[in-house]
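Inspection log for the structure reproduced underneath, given as C-alpha cells.
Below, all heavy atoms of this structure are taken into account, side chains as well, without hydrogens, waters or symmetry copies. In this chain, numbering begins with 1 at the start of the sequence shown.
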Amino acid sequence: MIVSWNTTNQCNMYCKHCYRDSGCLENSELTTQQGKELLNEMAKAGFKMIIFSGGEPLMRPDIFELVEHAVQLKLRPVFGTNGSLIDYNTALKLKEKGAMAMGISLDSLNAEKHNDFRGYPNAWEEAVEGMENCRKAGLPFQIHTTVMNWNQKEILDITDFAVKIGAKGHHIFFMVPTGRAQNMEEESLRAMEYEDLITNIMKKQQEVPIELKPTCAPQFMRIAKELGVAVRYSRGCLAGISYCIISPKGDVQPCAYIKNYIGNVKEIPFSEIWLNNPILKELRTLQYNGSCGSCGYKDLCGGCRARAAVYNKGDFMAEEPWCAISAGREA
C-alpha cells in the first residue's frame with residue numbers, strides 16, 4: 001500500500017502540467033506535528049510506502065525530520081522531486097535519515113524542451129546533477145517522465161539514459177488533464193498511441209536491467225501479461241484500493257487526478273477516512289460502467305479511474321476513453 005503526501009505547495013519551478021498548481025506556500029499547510037501525526041495514521045492504516053512530494057518537498061524545512069519519523073514507524077520513505085535541490089550534502093543527509101529512493105523528473109533528453117516544460121531555465125542540468133549526487137552518495141534514484149505527444153518518441157531513449165546514469169528505474173507517467181494540464185489536453189496521447197507506447201515499454205523491459213513502470217496507464221498489466229513480461233505489481237489502477245494522496249492542507253483524494261476531496265486529516269483521522277469513506281468503498285467494488293465493467297481484465301487493470309472521471313463529467317466508475325479495448329480492440 002502506497003500513500004503520497006504533497007508536503008508543501010511551494011515549488012521553485014512552474015511546470016505546465018502540474019496537477020496541484022504549485023508555486024507559493026499555502027496558508028494552513030500541515031505543521032511538523034500535524035505531519036508526524038499523519039504519518040502515525042498512515043502506519044496505523046497499514047500503509048508501507050510514503051511518497052514525499054509537493055510542490056517541491058525539499059523546500060519544506062522539516063523534511064528530514066519527517067523522513068526520520070517515517071522510518072521510526074517502519075514506513076518506507078521515497079520522494080517525487082524535480083531534483084534541483086539535491087546537492088551532494090543533501091543526498092547524504094537524505095540517505096542518513098532513511099530515505100530509500102528519489103524519483104527525479106526528466107521529460108526529455110533535449111534540455112531546452114525539458115526546461116520549457118518545467119518553467120525553469122536550468123531544470124534539466126540541475127535534475128541530472130541531482131541524479132549524479134544521489135549516485136555518489138549511494139542514494140538510489142529513478143527517473144520520472146511525463147508522456148506528451150511531443151516526447152513520446154523519446155521515451156525509450158530516456159530509458160537508455162536512465163540505465164547509463166545509474167538509475168534503478170524509469171517510471172513513465174501518462175498525463176491526466178487536470179490542474180494546469182487542463183489546458184494541455186490536446187497534447188495527451190490517444191487510445192492506440194497509449195497501446196503502442198505501453199507495448200514498446202513492456203518489450204523494452206525485457207532488454208534492460210532496471211524497472212520500467214507505466215503510471216496512470218493501468219493497461220500495462222494486460223499488455224505485460226499478453227507479452228509474458230514479469231512485473232512485480234498485481235493491479236493497474238490503485239486509486240482508493242491501495243493508494244491515495246493527501247494535499248499540503250490535509251485534504252485526502254483517491255488519487256492526484258480524481259478531484260473528489262473525501263475528508264481532511266485535521267478534522268478526521270486519516271485511518272478513519274481510509275477505512276470508512278464511501279467514495280473509497282465504491283472504488284473498491286470494481287463495479288465499473290461501460291467497457292471497463294465488462295472487460296475480462298477488470299481485476300488486473302481497472303482502467304484509469306481519474307481519466308474516466310475527467311472524460312465522463314466526474315464519473316470515476318465510467319469506462320476509460322483512451323483504452324484500446326474501449327476503442328474497439330477485442331478483449
Task: Trace of the side chain to side chain donor-acceptor pair (under 3.5 Å) decision for N82 with N12 - done: CA-CA 9 Å; N82 61 45; N12 58 339; 3.0 Å; yes
Task: Geometric cation-pi criterion K93 and F64, 6.0 Å radius, 45° cone - done: yes
Open item on the list: Checking the side chain of N9 only, and the main-chain atoms of E26 only, is there a donor and an acceptor separated by less than 3.5 Å?
Closed with: no
TODO: For residues Y311 and W322, establish whether the separation of their ring centroids is below 6.0 Å.
DONE: yes
Task: D116 and R118 ion-paired at < 4.0 Å - done: no
- [ ] May I have the step-by-step check of side chain to side chain contact (heavy atoms under 4.5 Å, CB included) for L30 and K266, ending in yes or no?
- [x] CA-CA 8 Å; L30 297 183; K266 296 176 185 175; 3.4 Å; yes
TODO: Please answer whether the main-chain N or O of A256 pairs with a side-chain N or O of K259 as donor and acceptor at a distance below 3.5 Å.
DONE: yes
- [ ] Output, in order, the C-alpha distance, side-chain angles, deciding distance and verdict of side chain to side chain contact (heavy atoms under 4.5 Å, CB included) for T159 and L212.
- [x] CA-CA 8 Å; T159 295; L212 306 185; 3.6 Å; yes
Open item on the list: Could you check whether any side-chain N or O of R284 sits under 3.5 Å from a backbone N or O of G240, counting only pairs where one atom can act as donor and the other as acceptor?
Closed with: yes
TODO: Give me the ring orientation class for F52 and F79: parallel if the planes are under 30° apart, tilted from 30 to 60°, perpendicular past 60°.
DONE: tilted
Task: Stepwise side chain to side chain donor-acceptor pair (under 3.5 Å) check, N264 with D251 - done: CA-CA 4 Å; N264 188 288; D251 293 314; 2.9 Å; yes
TODO: Applying side chain to side chain contact (heavy atoms under 4.5 Å, CB included), run through W5 and I50 and close with a yes or a no.
DONE: CA-CA 7 Å; W5 175 22; I50 164 67; 3.8 Å; yes
Open item on the list: Ring of Y14, cation from R180 - is the NZ or CZ under 6.0 Å from the centre and inside 45° of the axis?
Closed with: yes
Task: Option among R307, R190, K298 that satisfies the salt bridge (charged side-chain N to carboxylate O under 4.0 Å, His left out) test with E320 - done: R307
Open item on the list: Please determine whether salt bridge (Lys or Arg N to Asp or Glu O under 4.0 Å) holds for the pair R232 and E211, giving the CA-CA distance in whole Å, both sets of side-chain angles, and the decisive distance to 0.1 Å.
Closed with: CA-CA 9 Å; R232 65 183 177 92; E211 178 185 78; 2.5 Å; yes
Open item on the list: Would the distance check show the side chain of K136 and the main-chain N or O of Y88 forming a donor-acceptor pair, the cut-off being under 3.5 Å?
Closed with: no
Task: Ring-face cation of R76 near F47 (centre distance under 6.0 Å, axis angle within 45°) - done: no
TODO: Look at the side chain of T145 and the backbone N and O of L106, then say whether any donor-acceptor pair between them is shorter than 3.5 Å.
DONE: yes
- [ ] Can you establish whether the number of heavy atoms outside K168 located under 6.0 Å from its atom NZ is more than 12?
- [x] no
Open item on the list: Please check this pair: side chain of Q142 against backbone of M102, looking for a donor-acceptor N/O pair closer than 3.5 Å.
Closed with: no
Open item on the list: Can a donor-acceptor pair be found, under 3.5 Å and without considering hydrogens, that links the side chain of N277 to the backbone of I279?
Closed with: yes
- [ ] Say whether, by atom type as modelled, one donor and one acceptor occur between the side chain of N6 and the main chain of S53 under 3.5 angstrom.
- [x] no
Open item on the list: Quick test of your reading of the model: are E65 and K36 salt-bridged, counting only N-O distances below 4.0 Å?
Closed with: yes
TODO: Report the relative orientation of the aromatic rings in H171 and F173; use parallel for angles under 30°, tilted for 30 to 60°, perpendicular for over 60°.
DONE: tilted
Open item on the list: I'd like to know if the side chain of N110 reaches the main chain of K113, judged simply by a donor and an acceptor atom lying under 3.5 Å from each other, with no hydrogens or angles considered.
Closed with: yes
Task: Sidechain-backbone polar pair: E129 side chain, E126 backbone, donor-acceptor under 3.5 Å - done: no
TODO: Nearest 0.5 Å please: distance from the CG atom of L39 over to the CD atom of Q72.
DONE: 10.5 Å
TODO: Report yes or no: is the cationic atom of K213 (NZ for Lys, CZ for Arg) under 6.0 Å from the centre of the six-membered ring of Y233, at an angle within 45° of the ring normal?
DONE: yes
Open item on the list: Counting only heavy atoms not in E112 (residues, nucleotides, ligands), do more than 12 fall under 6.0 Å from its CD?
Closed with: no
- [ ] Can you spot which of M221, M202, Q219, Q205 makes a side chain to side chain contact (heavy atoms under 4.5 Å, CB included) with P214?
- [x] M202
TODO: Decide if the gap between the ring center of F161 and the ring center of H170 is smaller than 6.0 angstrom.
DONE: no
Open item on the list: Using side chain to side chain contact (heavy atoms under 4.5 Å, CB included), reason through D299 and L286 one step at a time and then give a plain yes or no.
Closed with: CA-CA 7 Å; D299 293 340; L286 311 188; 3.4 Å; yes
Task: Lys/Arg-Asp/Glu bridge criterion (N-O < 4.0 Å) met for R222, E226 - done: yes
